[in-house]
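Inspection log for the structure reproduced underneath, given as structure tokens.
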Amino acid sequence: QKDGQLKGRKVIVTAGGTLEPIDPVRYISNRSSGKMGLAFAQAASEAGAEVLLITTSDLPVPFGVEVKRVETAQQMLDAILARYDWADLVVMAAAVADYRFSQPAEQKIKKQAEHQALHLDLVENPDILAQLGAAKTHQYLIGFAAETNDLLAHASEKLKKKHVDMLLANDVSKENIGFGYDTNELLILEPDKSPITLPLASKLELARKILLDVAKKIK
Ligand code: C5P
């Protein structure tokens with residue numbers, strides 16, 4: 001067994017944006033690269049944890065990390081729930097689509113006649129983190145919030161509403177922060193504590209720092 005601050009701990013990390021099918025050849029998604037989640041998976045594994053990475057991303061997976069590849073929010077939820085009891089820590093870094101198509105077409109959708117507009121119906125996806133928060137037994141839950149305005153207010157609301165133990169927020173309207181970049185700047189929120197800012201650093205450095213702190217909390 002590996003040594004480290006998270007030795008013997010079981011960690012689930014989710015990464016990437018979910019893909020929601022329109023028909024067999026099309027989907028909607030978002031700009032999440034999965035890099036923040038990968039950084040957490042690597043940092044947790046380095047710290048001695050057993051890591052299950054549930055990801056939509058094709059990026060190479062850190063050595064020693066178990067991977068489950070999924071596409072939709074529903075598949076991601078099912079994959080987490082199948083192992084939720086096992087986990088001590090869940091890092092919900094995936095960018096889950098809030099909506100999916102109510103009925104993905106079984107055949108490729110053809111162009112409409114006479115240049116008519118095409119209307120597709122969206123229904124709400126499950127809020128995975130909120131469900132995990134409500135079903136929590138012993139798990140420590142980390143959520144994310146990517147915002148373009150009023151970072152602190154929006155993030156504080158998510159911390160409370162989703163019953164997470166730590167919320168990591170970033171302002172994606174800033175340069176070099178968030179989606180696609182290798183760097184990030186994070187605001188750490190915890191219930192009943194003042195927010196802390198971790199200044200711009202690589203996603204891996206940030207993940208290492210945060211997990212070191214979390215490891216003490218779940219001792
Ligand atoms: O989308 P939102 O900003 O609310 O995301 C905040 C947190 O909730 C993230 O950790 C994200 O992974 C999670 N989330 C989720 N299921 C959703 C939407 C978001 O688990 N349907």
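In listed order, ligands and their atoms are each counted from 1. Only heavy atoms go into these numbers, but all of them, side chains included; no hydrogens, no water, no symmetry mates. Residues: numbered from 1 along the sequence shown.
- The shortest N or O to N or O distance between Glu147 and ligand 1 is not under 3.5 Å.
- Taking the charged nitrogens against the carboxylate oxygens, Glu124 and Arg100 have no contact shorter than 4.0 Å, which rules out a salt bridge.
- Residue His154 places no heavy atom under 4.0 Å from ligand 1.
- Looking at Asp78 and Gln74, their side chains do bring a donor and an acceptor atom within 3.5 Å of each other.
- Asn170 places none of its side-chain heavy atoms less than 4.5 Å from the side chain of Phe144.
- With hydrogens left out, the protein atom closest to atom 4 (O) of ligand 1 is Lys162 NZ, 2.9 Å, a heavy atom.
- Backbone and side-chain nitrogen or oxygen atoms of Ala146 are examined, and none is located within less than 3.5 angstrom of a nitrogen or oxygen of ligand 1.
- Considering each of Ala130, Ala93, Gly143, Ala94, the one bringing a non-hydrogen atom nearest atom 11 (C) of ligand 1 is Ala94.
- If you check which protein heavy atom lies closest to atom 2 (P) of ligand 1, you get Lys158 NZ, 3.5 Å.
- Here the heavy atom of the protein found nearest to atom 6 (C) of ligand 1 is Phe144 O, 2.7 Å.
- Under 3.5 Å, the side chains of Gln42 and Ser45 contain no donor-acceptor pair of N or O atoms.
- What sits closest to atom 16 (N) of ligand 1 on the protein, heavy atoms only, is Ile128 N, 3.0 Å.
- Looking only at heavy atoms of the protein, atom 13 (C) of ligand 1 is closest to Leu129 CB, 3.8 Å.
- For Lys35 and Asp182, the salt-bridge test passes: some basic side-chain N is under 4.0 Å from an acidic carboxylate O.
- Numbered from 1 in the order shown, with element, the atoms of ligand 1 that lie under 4.0 Å from a heavy atom of Asp98 read 18 (C), 21 (N).
- Under 3.5 Å, the side chains of Glu20 and Asn125 contain a donor-acceptor pair of N or O atoms.
- A salt bridge is defined here as a Lys NZ or Arg NE, NH1 or NH2 lying under 4.0 Å from an Asp or Glu carboxylate O, and Lys217 with Asp165 fails to meet this definition.
- Where the criterion is an N or O separation shorter than 3.5 Å, residue side chain and backbone included, Met92 meets it with respect to ligand 1.
- Contact analysis leaves Asn125 out of contact with ligand 1, as no non-hydrogen atom separation drops below 4.0 angstrom.
- Annotation for ligand 1: atoms under 4.0 Å from non-hydrogen atoms of Pro126 are 16 (N), 17 (C), 21 (N).
- Ion pairing between Glu50 and Lys7 fails under the 4.0 Å rule for side-chain N and carboxylate O.
- Val70 is not listed as a side-chain neighbour of Thr72, based on a closest heavy-atom distance of 4.5 Å or more.
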